[in-house]
Structure formats: C-alpha cells, structure tokens
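So the structure is just underneath, and the comments pick up after that.
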Number of protein chains: 2
Amino acid sequence: MSRAEDIMNVANHFILERGYSAFSYADIAGEIGIQKASIHYHFPSKANLVQSVVGRYRQEVKSNLAMLDGMEGEPQEKLEQYLNYWETCLEVKALDICLCALLASEIPILPEEVRSEIKAHFQELTDWFTKLLQESKTPLQYTASNVSHEEMAHGILAGIHGGMLAARTFNDVGQFRMIKHQLLQQISKVTADQ
Amino acid sequence: MSRAEDIMNVANHFILERGYSAFSYADIAGEIGIQKASIHYHFPSKANLVQSVVGRYRQEVKSNLAMLDGMEGEPQEKLEQYLNYWETCLEVKALDICLCALLASEIPILPEEVRSEIKAHFQELTDWFTKLLQESKTPLQYTASNVSHEEMAHGILAGIHGGMLAARTFNDVGQFRMIKHQLLQQISKVTADQ
DNA sequence: GTCTATAGCCCGATAGAC
DNA sequence: GTCTATCGGGCTATAGAC
C-alpha cells in the first residue's frame, strides 16, 4: 500500500474521531511514524487531504451502491442491506459512522472543496433512495400516508444520520437498530392483515 | 443583562457556527469587546463555559416542553408545535439548530461534563416524545406497522437531528420541512379513507 | 520522499496591576 | 471585574539539506 494511502487511512480514522478542525498533521505523523512535512509532500494542504479522503469515501460508496443495483431482489431488500452495512460498522466500532454525516456538522467552517463533496454525496444517496422507492411494484406503507417517494428518501437519509449520531453518543448500536426497524417498517409492503 | 450572560450568548452563537474545538475565547472577547482574561474570570475553563451554555439551553427546552404539557390539545399537535418551533429557527437562520445535536458529532473529544449533559438532553427529549405518543387515545399510523412508541420516539429524534443537519448543509429549510411532514404523517390518526 | 528546522500564528490558561 | 503581559504549547505550512 502506498504512503499516500496510509496517510488517507489514518486521516480518515482521526476525522471520524475528532472532526475536521480538531485533527492535525501531527496526529497522523505520530501514528504512522513519519514527520509532518512528509504529509505535506503528498497532500499540500489540510483542505486537499480531507477532500481526497472524502472523495475516496464517495467512490467506495458509489461502487457499493452500483453493486446493490446489479443484484436481484426487491428495492426494500436493497435498502435493508444498506442499513445492515452501517449496523455492522457500528457494531465493530461506534466511532465508525458516515464520514460525510460527521463532517456535515462542521459545514460552516469547512473549505469549499470539502463542503461541495459532502453536498454531492447527500444528493447521490437521496437520489438512490428515491429511485429504489419508485421501482417498487407494490405499494409500500408510507405511500398510504400521503408521503411522497422523495420525502421518504429524505426521511431515510435523516433517520440514518440521526441514528448514527445517537448510537455514537450513547456508544450503543441499539439506538441505530431502532431507527433501522422503524424505517424498514415504513417501506415494507402493505399486506392484507394490516 | 449580566456580563456572564453576554458571554454565554456569544459563546452559544460561536459553538453553533464552529463547534466545540474550533471556537475560541478570542472569538468571544473580540465580539463583545473585552479581553480573553475577563472571560476566564467568569468561566475558569472552556469546559466550564460550554457546560454552562448547554445547561442553560437544557433549562430553556425543559420549560418549553413543560409549557406544551400544560396546554390543551392532542399529543400530535404538541409534537407539531415542537417541529414548528425548529422550522421557524431554521427559517431565521440556517445555523440555528439544536445545540446538543450539533455538539453530539464531537462526542469523543468533548469534556465529560459536556458529554453527560448532551446524553441527558437526548434522553429527556426521547422520554417526552414517548410519553406523548403513549397518551394518544386513538391509534396512530405507525402503530399499524409493528413500530413501538419507544421506537417511534427515537425515530422522531433521529429524523429531527438528521433533518436539521441536512437543512444546514444545503442552507435550505425545505430539507427540514420534508422530514417534518413525513414524521407528522407517521403520527397522524388512522382514518377510514386510508 | 523524507528529514530537520523554523516561520508565523493561534490556543487556553495564569499572574498580578489597577 | 477588567486589564496587560506572558507562559507553554499547539497548529498549518514552507525552506532547504540529504
């Protein structure tokens, strides 16, 4: 693995732990065992480093969503897989939430390059949720309640982000599982006994 | 208004804008027109200052919830009023979200005094939502979907927090309004034509 | 590519005059 | 209560040797 990738991996970890403004080149250098100046050789500025880390994260998410798109299965099952993915991440380490959700709270002080990456990521996820919901051939619970596909997609994104923050705050994945269950019920099929 | 209150007001503003680690005594001093040392006279440490600001915020929320408790009206109407309150805050200024929701993303690096205030606030809000939902005499939409009162309460909190972050990220209250509508539909009464 | 050294600035916090 | 002055440390970023 290249040194640049080492740096991005460690940076990713420290951003999740401390946020944009509270992690430093010194943190990364100390963890890898190099000097701060060496990081500047690979990533000239902090804005550049974080943009690279977020860009890499976005690519990873995109390829995961494309993989789900290529699979058999109903739309709700794909959404469930996405939720399961994050549940597993939180089980391994409560710190491990969506990089963009974490950085979003620092929006006003982020460099513009990073801010636009975060917005684009949220937009992509919402579009993906919306497309999935539209693809469903049978009516889902929320459609009976005067909630549009787009509103539900935004509701899913907000629920996931809020649930991640709650799980992290209490160091308890159960907080996320409750949101997951509630969201999955909303997008479940309407059946006769309901 | 006392000097200590001035300081807390300005601190509140800068925390919402920059978060815990990126706001400074110098920011506050500059805004008010005093010296950094004067702030240390009123609030010995940064942890102490932020705990005071969060404590004051929690008191304010508590008294608002108590006011809603004392009013006539169905449980859903009280929840709607709470959502309307935040919608108005966001309309005035997209920065103005829940202080604890904002600080929650910095949980791992916050001083323990602040961390426990945030947890306690989330717990109080969730308890209030749960109590309201239990009080409803008629079945609500979510109860038809195998979602418990407690799960719905957590879903409301997560939705509000995620919605606030989205509205702030895009500087667009519409992002919050969609969540509000979706949540209100879930807690609306089950009627014959649905 | 990595190092040492350092510039230039910001930080929280304290001492002590007034 | 507010000030000036300062301590000891952090930060991003750069210059230049190797």
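Every chain is numbered from 1 and lettered A, B, ... according to where its sequence line falls, protein lines coming before strand lines.
As a whole-Å value, the separation of Y41(B) OH from dA15(C) P is 16 Å. Here dG12(C) presents its P atom at 17 Å from NE2 of H42(B), a figure rounded to the nearest Å. In this entry the distance linking NZ of K46(B) with C1' of dT14(C) reads 17 Å, nearest Å.
Sorted by first and then second residue, the side chain to side chain donor-acceptor pair (under 3.5 Å) pairs with a member in residues 116-127 of chain B read R58(B)-E117(B), R58(B)-E124(B), Q123(B)-D127(B); sequence neighbours excluded. Pairs passing the salt bridge (charged side-chain N to carboxylate O under 4.0 Å, His left out) check and including a residue from residues 23-36 of chain B, sequence neighbours excluded, read R18(B)-D27(B). Counting only residues at least two apart or on different chains, the salt bridge (charged side-chain N to carboxylate O under 4.0 Å, His left out) pairs with a member in residues 131-143 of chain A are D69(A)-K131(A). The salt bridge (charged side-chain N to carboxylate O under 4.0 Å, His left out) analysis of residues 139-148 of chain A, with sequence neighbours excluded, yields no pairs.
Annotation: side chain to side chain donor-acceptor pair (under 3.5 Å) contacts of D96(A) (sequence neighbours excluded): none. Taking the ring-ring contact (aromatic ring centres under 6.0 Å, His included) definition, one finds that Y142(A) meets it with H149(A), sequence neighbours left out. Partners of F129(B) by ring-ring contact (aromatic ring centres under 6.0 Å, His included), not counting sequence neighbours, listed by chain and number: Y82(B). By the side chain to side chain donor-acceptor pair (under 3.5 Å) test, K180(B) pairs with N84(B), E87(B), sequence neighbours left out.
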Measure all distances between protein nitrogen or oxygen atoms and nitrogen or oxygen atoms of nucleotides 4-7 of chain C, and list the pairs falling under 3.5 Å.
unit_1, atom_1, unit_2, atom_2, d
dT4(C), OP2, Q35(A), NE2, 3.4

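There is a side-chain donor-acceptor pair under 3.5 Å between S21(B) and E106(B).
Contacts between residues 11-26 of chain A and DNA chain D, defined by a heavy-atom separation below 4.0 Å, involve F23(A), S24(A), Y25(A), A26(A), listed by number.
For DNA chain D, the span of nucleotides reached by chain B at under 4.0 Å from its heavy atoms goes, 5' to 3', from dG1(D) to dT4(D).
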Donor-acceptor contacts under 3.5 Å from residues 164-175 of chain B side chains, at least two apart:
unit_1, atom_1, unit_2, atom_2, d
R168(B), NH1, L16(B), O, 2.6
R168(B), NH1, L95(B), O, 3.4
R168(B), NH2, S105(A), O, 2.7
R168(B), NH2, L16(B), O, 3.3
T169(B), OG1, L165(B), O, 2.7
D172(B), OD1, G174(B), N, 2.8

